[in-house]
*Asks:* 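Could you have a look at this structure, given as structure tokens, before my questions?
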Amino acid sequence: MRMLLIHSDYLEYEVRDKALKNPEPISDEQRRGRLEEVLAVFTSVEKVDETNPDEVVEKAVAEIKDVASQVKTNRVFVYPFAHLSSELARPDVALKVLQKVEERLKEEGFEVKRAPFGYYKAFKLSCKGHPLAELSRTVVPSGEVVS
Ligand SMILES: NCC(=O)N[C@H]1[C@@H](O)[C@H](n2cnc3c(N)ncnc32)O[C@@H]1CO
């Protein structure tokens, strides 16, 4: 899993067209979303993650918690983003991984939104620009190598 973490004044999105034949079913309310003072986590779930999705969820949550504590925010925006890797996991696996990351972050006490999966989306982002505002992290199941 590859993550681009952007500490932001805000992130907002609006769903546009389907990007998959069967995108995640969403309510009208989920067609738009916005969070302020947020750690935006743009995430590509990778083929290698399919060998142990549960483990890669825990590793990703640990990394997000670490960065969130460094930038002093309790809000996280999980954003599916298929552009950080050339070896993507199947959509059904990727969606489950991202849903689990959202669930685990909430269990850890974070305020979390997750952008809808399988759509093209317009988005606006205001990066704060401090030294820790733009970070990337890669996590893989144990025993796997980062390509
Ligand atoms: N910017 C728009 C977009 O990325 N749309 C992506 C994601 O929402 C989602 N998606 C599919 N596979 C994956 C994956 N392995 N990891 C993350 N998201 C995925 O499906 C869309 C088409 O690839």
*Asks:* Count I, L, V, M, F, W, Y as connected when their side-chain heavy atoms are under 4.5 Å apart, and connections chain through other members. Are Val97 and Val41 then in the same cluster?
*Replies:*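 As far as the 4.5 Å side-chain criterion goes, Val41 and Val97 are connected within one cluster.
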*Asks:* Minimum heavy-atom separation for Ile26 to Pro116, with atom names?
*Replies:*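 Where Ile26 meets Pro116 most closely, the heavy atoms are CG2-CB, 3.7 Å.
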*Asks:* Between Arg34 and Glu36, does any NZ, NE, NH1 or NH2 come within less than 4.0 Å of an OD or OE carboxylate oxygen?
*Replies:*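 Looking at Arg34 together with Glu36, the answer is yes, because their closest N to O distance falls below 4.0 Å.
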*Asks:* Any side-chain hydrogen bond (donor to acceptor under 3.5 Å, both in side chains) pairs touching residues 115-127, not counting sequence neighbours?
*Replies:*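 For residues 115-127, and leaving out neighbouring residues, the side-chain hydrogen bond (donor to acceptor under 3.5 Å, both in side chains) pairs sorted by first residue read Asp9-Ser126.
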*Asks:* Donor-acceptor check, side chain of Asn52 to backbone of Pro141, threshold 3.5 angstrom: yes or no?
*Replies:*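 Pair absent, no side-chain N/O of Asn52 close to backbone of Pro141.
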*Asks:* As an exercise, state the distance from CD of Glu102 to CZ of Phe77, rounded to the nearest 0.5 Å.
*Replies:*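 It is 10.0 Å, given to the nearest 0.5 Å.
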*Asks:* Are Leu5 and Ile64 packed together at the side-chain level, in the sense that at least one heavy-atom pair is separated by less than 4.5 angstrom?
*Replies:*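 Of all side-chain heavy-atom pairs linking Ile64 with Leu5, at least one is under 4.5 Å.
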*Asks:* With rounding to the nearest 0.5 angstrom, report the CG to CG distance, Leu4 to Leu135.
*Replies:*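 The CG atom of Leu135 is 8.5 Å from CG of Leu4, to the nearest 0.5 Å.
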*Asks:* Should Glu111 and Leu35 count as side-chain neighbours, where that means a heavy-atom distance under 4.5 Å?
*Replies:*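 A side-chain contact under 4.5 Å exists here.
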*Asks:* Distance-only, no hydrogens or angles: does the Glu46 side chain make a donor-acceptor pair with backbone N or O of Ser85 under 3.5 Å?
*Replies:*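 No, because the side chain of Glu46 does not come within donor-acceptor range (under 3.5 Å) of the backbone of Ser85.
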*Asks:* Establish whether Tyr13 and Ile6 are linked, either directly or via other cluster members, by ILVMFWY side-chain heavy-atom contacts under 4.5 Å.
*Replies:*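 Yes, same cluster.
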*Asks:* Nearest 0.5 Å, what's the CG-OH distance between Leu125 and Tyr79?
*Replies:*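 One gets 9.5 Å once the value is rounded to the nearest 0.5 Å.
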*Asks:* Should we count CG of Asp28 as having more than 12 external heavy atoms under 6.0 Å?
*Replies:*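 No, not enclosed.
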*Asks:* Under 4.5 Å between any side-chain heavy atoms of Lys96 and Pro53, yes or no?
*Replies:*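 They are not in side-chain contact.
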*Asks:* In the structure I gave you, are the side-chain heavy atoms of Arg90 and Glu50 within less than 4.5 Å of one another anywhere?
*Replies:*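 Touching, per the 4.5 Å side-chain cut-off.
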*Asks:* Do Val45 and Leu98 have side chains that get closer than 4.5 Å, going by heavy atoms?
*Replies:*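 Sidechains of Leu98 and Val45: in contact.
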*Asks:* Any chain of hydrophobic side-chain contacts (each under 4.5 Å) joining Met1 to Val93?
*Replies:*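 Yes, because Met1 and Val93 connect within a single hydrophobic cluster, where side-chain heavy atoms sit under 4.5 Å apart.
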*Asks:* Give a yes or no on whether a salt bridge exists between Lys47 and Glu87, defined as a side-chain N under 4.0 angstrom from a carboxylate O.
*Replies:*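 Salt bridge absent between Lys47 and Glu87.
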*Asks:* Rounded at 0.5 Å granularity, tell me how far NZ in Lys113 sits from CD in Glu12.
*Replies:*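 Separation between the atoms: 12.0 Å.
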*Asks:* State, yes or no, whether a side-chain contact exists between Val101 and Arg114 at a heavy-atom distance under 4.5 Å.
*Replies:*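 No, their side chains stay 4.5 Å or more apart.
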*Asks:* Over all heavy atoms of both residues, which pair between Pro23 and Lys18 is shortest? Give the atoms and the distance, please.
*Replies:*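 Shortest heavy-atom contact: CG-CG, 3.7 Å.
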*Asks:* Would Phe81 and Leu105 show up in the same hydrophobic cluster when neighbours are defined by side-chain heavy atoms closer than 4.5 Å?
*Replies:*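 Cluster IDs for Phe81 and Leu105 differ.
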*Asks:* Give a yes or no on whether a salt bridge exists between Lys106 and Glu103, defined as a side-chain N under 4.0 angstrom from a carboxylate O.
*Replies:*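 A salt bridge is absent here (no side-chain N lies under 4.0 Å from a carboxylate O).
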*Asks:* So which heavy atom on Ala115 is nearest to which on Pro80, and how close?
*Replies:*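 So the minimum-distance heavy-atom pair works out to O-CD, 3.3 Å.
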*Asks:* Using 4.0 Å as the upper bound for N to carboxylate O, is an ion pair formed by Arg31 and Glu14?
*Replies:*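 Not counted as a salt bridge, because no side-chain N and carboxylate O are separated by less than 4.0 Å.
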*Asks:* Closer than 3.5 angstrom, by distance alone: can the side chain of Lys59 be matched with the main-chain N or O of Val140 as a donor-acceptor pair?
*Replies:*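 Present.
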*Asks:* Please check if any side-chain donor atom of Glu37 sits under 3.5 Å from a side-chain acceptor atom of Thr73, or the reverse.
*Replies:*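 No - no donor-acceptor pair under 3.5 Å links their side chains.
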*Asks:* Using atom types as modelled and distance alone, determine if a side-chain donor or acceptor of Glu24 lies under 3.5 Å from a backbone N or O of Phe117.
*Replies:*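 Answer holds: yes.
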*Asks:* Would you check if the distance from the ring center of Phe123 to the ring center of Phe42 is below 6.0 Å?
*Replies:*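 Judged by ring-centre distance (under 6.0 Å), Phe123 and Phe42 do meet the cut-off.
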*Asks:* Can you measure from CG (Leu95) to CG (Leu20) and round to the nearest 0.5 angstrom?
*Replies:*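 If we round to the nearest 0.5 Å, Leu95:CG and Leu20:CG are 9.5 Å apart.
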*Asks:* With side chains defined as the heavy atoms from C-beta onward, is the minimum distance between Thr43 and Leu84 less than 4.5 Å?
*Replies:*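 Side chain of Thr43 against side chain of Leu84, heavy atoms only: no contact under 4.5 Å found.
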*Asks:* If we ignore hydrogens and angles and just use 3.5 Å, is the side chain of Thr51 paired with the main-chain N or O of Asp49 as donor and acceptor?
*Replies:*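 Side chain of Thr51 to backbone of Asp49, a donor-acceptor pair under 3.5 Å: no, none is there.
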*Asks:* Quick one: does Arg2's side chain have a donor or acceptor within less than 3.5 Å of a partner on Arg137's backbone?
*Replies:*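 No.
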*Asks:* If you group Ile, Leu, Val, Met, Phe, Trp and Tyr by side-chain heavy-atom gaps below 4.5 Å, do Leu11 and Val78 land in one group?
*Replies:*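 Per the 4.5 Å side-chain linkage, Leu11 and Val78 are not co-clustered.
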*Asks:* Between His83 and Ser44, what is the shortest heavy-atom contact and its length?
*Replies:*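 Looking at all heavy atoms of both residues, the closest pair is N-OG, 3.5 Å.
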*Asks:* Can you tell me how far the CG atom of Leu39 sits from the CD atom of Gln70, to the nearest 0.5 Å?
*Replies:*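 Answer rounded to 0.5 Å: 10.5 Å.
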*Asks:* Can you tell me if CD on Glu107 sees more than 12 non-hydrogen neighbours from other groups inside 6.0 Å?
*Replies:*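 Correct, the count exceeds 12.
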*Asks:* Answer yes when Arg104 and Glu58 have at least one side-chain N-carboxylate O distance shorter than 4.0 Å, and no when they do not.
*Replies:*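 Yes.
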